There are 2 protein chains.
Amino acid sequence: MLATAHDAARTALNLELRPLGIETRHFGVLATLARNGPTSQRRLGALLDLDKSAVVRIMDELERLGLAVRNRAAHDRRAYAIELTDEGRRHAHASQRAAGAVGARLFGWLAPDERTRLVTLLTGIVDHAPGDDRAPR
Amino acid sequence: MLATAHDAARTALNLELRPLGIETRHFGVLATLARNGPTSQRRLGALLDLDKSAVVRIMDELERLGLAVRNRAAHDRRAYAIELTDEGRRHAHASQRAAGAVGARLFGWLAPDERTRLVTLLTGIVDHAPGDDRAPR
DNA sequence: TATTGTTATACTCTATAACTATA
DNA sequence: TATAGTTATAGAGTATAACAATA
């Protein structure tokens, strides 16, 4: 059931994001940039639990789409200070609205205390899994 | 949270199955064979939502491990009647015990009515996802 | 010496199409 | 013509290692 529900939710989100020309992985990066401001690729990977080569690929796509730019970090010329473009900011907001619509459809039928309970249950499941061997990336 | 809980559960199950030399995908086939008796590859794929080429690969592995055999179906010589070996039956039972142990650890701390509620919640989420575009395989 | 990011590479998983042998 | 299974292949996604630039 966990697998089925997860798959249904991810598929529904991808479907909702399709008109924006992006997928779940781009949504995560856009949302993180919108929330945190200029961010290095390393930090993006740490926040989203992505391999650094995966971040390269996603950033290549976001730059090609004109949604984010790689500026050099002022204090460390190895690293980037990645920023959203205006278009990227619009996409970030639109995709958050899309995600909200998916959430409303999948979870809106639950009473508020049931939604809270669901999160608590899922968190508890994770906490009861072995701590040291979650899929290493 | 759905993604995290799913990932934690799958990883925990794989870890528990490792001593048996199998992974989640083999567990699904073993359990299905134990429950349904002789089964064609097509039916296995339908029951487990696997592509037919994926079933070929998993069956190659199960045969190499000596856990299942491909007998020809008596009534249709195109198809197989796949059966568990004695060793396969033992592995099926052992893996179901392993899965039970994982379930007990991840879900055992929940009161019985909470477990029931969780299943109901997850089922409801799936039912509220768009019906026609779940990840097609 | 260590770290950021890039590239090349490899491995797994999944999906598709072409094929065979049967039906 | 259609179906069960096989094979080859291609495409995602992910991981690793070697590398250049910088710290």
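Keep in mind the model is a prediction, meaning the values are calculated, not measured. Numbers restart at 1 for each chain; the letters A, B, ... are given by sequence-line order, proteins then strands.
Put simply, CG on B/N14 is 14 Å from P on C/dT12, counting in whole angstrom units. Rounded to an integer number of Å, the gap from CG of B/N71 to P of D/dG5 is 13 Å. Rounding to whole angstrom units, CG of residue A/L44 and P of C/dG5 are separated by 9 Å. Rounded to whole angstrom, the span from the CZ atom of A/R10 across to the C1' atom of C/dT14 amounts to 12 Å. The interatomic distance linking B/L47 (CG) with D/dA4 (P) rounds to 13 Å, in whole Å. B/E61 places its CD atom 14 Å from the C1' atom of C/dC11, with the value rounded to the nearest Å. Per the geometry, CD1 belonging to A/I82 stands 13 Å off C1' belonging to C/dT6, to the nearest Å. Nucleotide D/dA8 holds its C1' atom 14 Å from the CZ atom of B/R57, rounded to whole Å.
Judged by distance alone, the side chain of A/R115 and the main-chain N or O of A/F107 form a donor-acceptor pair under 3.5 Å. Although no hydrogens or angles enter the test, the distance criterion places no donor-acceptor pair under 3.5 Å between the side chain of B/E23 and the main chain of B/L17. Between the side chain of A/T4 and the backbone N or O of A/L2, no donor-acceptor pair lies under 3.5 Å.
Nearer to the 5' terminus of DNA chain C, by closest-nucleotide assignment, is the contact made by A/S40 (compared with the other of B/A54 and A/S40).
Counting any heavy atom pair closer than 4.0 Å across all strands shown, B/A79 reaches sugar-phosphate atoms only and no base atom.
Distance check: A/M59 CE to A/I82 CD1 gives 4.0 Å after rounding to the nearest 0.5 Å. Within the model, atoms CG of B/L44 and CG of B/L50 stand 8.5 Å from one another, a figure rounded to the nearest 0.5 Å. Residue B/R25 holds its CZ atom at 8.5 Å from CG of B/N14, rounded to the nearest 0.5 Å.
Here the nucleotide nearest the side chain of B/R42, chosen from C/dT4, D/dT6, D/dA4, is D/dA4. Which of D/dG5, C/dG5, D/dT16 sits closest to the side chain of A/Q41 comes down to C/dG5. Looking at the side chain of A/R70, the nearest of the listed nucleotides C/dT6, D/dT16, C/dA15 is C/dT6.
If you chain together hydrophobic residues whose side chains sit under 4.5 Å apart, B/V56 and B/V69 never meet in one group.
Taking every heavy atom of residues 16-29 of chain A and every atom of DNA chain C, no pair lies under 4.0 Å.
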| Which nucleotides of nucleotides 17-23 of chain D have their base under 4.0 Å from a protein heavy atom (B), which only their sugar-phosphate (S), and which neither (-), written as one string 5' to 3'? | ----BBS

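For A/Y80, no side-chain nitrogen or oxygen approaches OP1 or OP2 of C/dT3 to under 4.0 Å.
Ion pair B/R10/B/D7 flagged as a salt bridge, since at least one NZ, NE, NH1 or NH2 atom sits closer than 4.0 Å to an Asp/Glu carboxylate oxygen. Between A/E61 and A/R64, none of the side-chain N atoms (NZ, or NE/NH1/NH2) sits under 4.0 Å from a carboxylate O, so this pair counts as no salt bridge.
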